[in-house]
2 protein chains.
Amino acid sequence: MARKQGSHAGITGPKVQEAALRLFAQHGFAAVSMRQIAAEVGVQAGALYNYTPDKQALLFDLLRDHMATLALALDQAGIAGDPLTRLDGFTRFHIRFHLRRRDAVFLSYMELRNLTPANFARIAALRRAYEDRLEAILRDGVTTGAFTLPDPRIATMALIALLTGITNWYRPDGRLSEADVSDTYLALVRQTVGAGQPAATAAPQDVSLAIGGLGA
Amino acid sequence: MARKQGSHAGITGPKVQEAALRLFAQHGFAAVSMRQIAAEVGVQAGALYNYTPDKQALLFDLLRDHMATLALALDQAGIAGDPLTRLDGFTRFHIRFHLRRRDAVFLSYMELRNLTPANFARIAALRRAYEDRLEAILRDGVTTGAFTLPDPRIATMALIALLTGITNWYRPDGRLSEADVSDTYLALVRQTVGAGQPAATAAPQDVSLAIGGLGA
DNA sequence: TTTTCAAATGAACGGCCGTTCATTTAATCA
DNA sequence: TGATTAAATGAACGGCCGTTCATTTGAAAA
């Protein structure tokens, strides 16, 4: 039997990627067999090789697509303005994007070790470029005096870890909506960069109240 | 051939754990074979079963030992005093402990999915207990007014992610010593919890200077 | 010295692995 | 309609997997 109905190249291909993403994220790259992926797609194992040269390429394509989508989405997020506004925008963007792609996020952190050195270097470069976008915001903020940070590069790594960590505990059916989480983290991130008060020029009378009202 | 020299029960056992930890962290649980572990120890695969009932138990024991060591070390860290002092102590402890056990830390985050549900529940409970220790500090700080936080539970998750994330990028042979990193993160953590200034009572004249000098 | 037994060997078990390929099927093109 | 060809099959390849176990080894106990 072959090609049961209609032309499948444009259908089976994406299904293979989706199945591989879900299974790799759930069980780990090495723990998932090509036969399992094929079964999920509803096909025999041999058919997968119409869509990927081998298992390693399947993983690499997933990670590269994820990073490319991330960069593109950030471009289209329309983040502009003064450093604090851009930081807020980045925070909301990062949370929203990552909460909706949890499988890919998990895969991107866990399975880098299963890439060949050459493929690893390519993914690492894409990640670094993304980090640099946040770092630029932080450096601008330090320059204008909006932020207070001992080391913008370290703060970049710290903030990305802080934000991405949401995917480790957040449950869509839990007590908090995505908007709740986003608001709470926005306040935390502002505090982290030392942006609790407008500037050193205007002395705050009650910092705790000022910060408590940032949410919206 | 058997028992080439001396009694080995007390030697081979730990070597098996060490080899398994290193290999699991490097390649992933599913990607490492019992034969690879045995080769690393200098023994045949069958001999491993004198020390573990099966591969799954080997993973579980590593994760449980890691969490138990973590809890014990925290107990012995002598963290006491007002909330800010305890937060500083926790921060330094967490960084120091995690940077020295990077394999175990990575394993604890990546391979939870390879545990049976029962074993997963046991590890999750141990992790939760550790998180609760930080959460208690944050809640105390909010109560005394030392900290400003919208949601102490979320702040707990955020801080642990922020701190543990160091293991993703820190390289011992890089530009920063462990003490440098620890100092920088101490300042970041203080800002994150809104502890930049002593309290709302004394209005700070220059926040950036006050924070910049926290390092030691 | 002889006995005991912890510790390790090495072969064997059934089973699944990634990948290849000749073959078959069915949709599309002429 | 018949020819073409994209897409999938299913069997086969060598190889490694986790685990078991009868056997061998050699250090320690008697």
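What you see is a predicted model; the values in this text were computed from it and never measured. Here is how names work: the chains are called A, B, and so on, in the same order as the sequence lines, proteins then strands, and each is numbered from 1.
- Straight-line distance from the CG atom of A/Leu48 to the P atom of D/dG10: 14 Å, rounded to whole Å.
- Summarising the geometry, the separation between CG on A/Asn50 and P on C/dT24 is reported as 18 Å, rounded to the nearest angstrom.
- Under the 3.5 Å distance criterion, the side-chain polar atoms of B/Asp180 are matched with a main-chain donor or acceptor of B/Ser177.
- B/Arg153 has a carboxylate O that lies under 4.0 Å from a charged side-chain N of B/Asp132, or vice versa, which qualifies the two as a salt bridge.
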Evaluate salt bridge (charged side-chain N to carboxylate O under 4.0 Å, His left out) for A/Arg92 paired with A/Asp183, printing each intermediate quantity in order.
CA-CA 8 Å; A/Arg92 288 199 186 283; A/Asp183 290 345; 3.2 Å; yes

Would you give a per-nucleotide map of nucleotides 14-21 of chain D, 5' to 3', where B means the base has a protein non-hydrogen atom under 4.0 Å away, S means only the sugar-phosphate does, and - means neither?
---BBBB-

Evaluate salt bridge (charged side-chain N to carboxylate O under 4.0 Å, His left out) for B/Arg101 paired with B/Asp65, printing each intermediate quantity in order.
CA-CA 12 Å; B/Arg101 283 171 181 77; B/Asp65 287 356; over 6 Å; no

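- In this structure, A/Tyr130 and A/Phe93 have tilted ring planes: the angle between them lies in the 30° to 60° band.
- Between A/Thr12 and D/dA8, a side-chain N or O to OP1/OP2 separation shorter than 4.0 Å is present.
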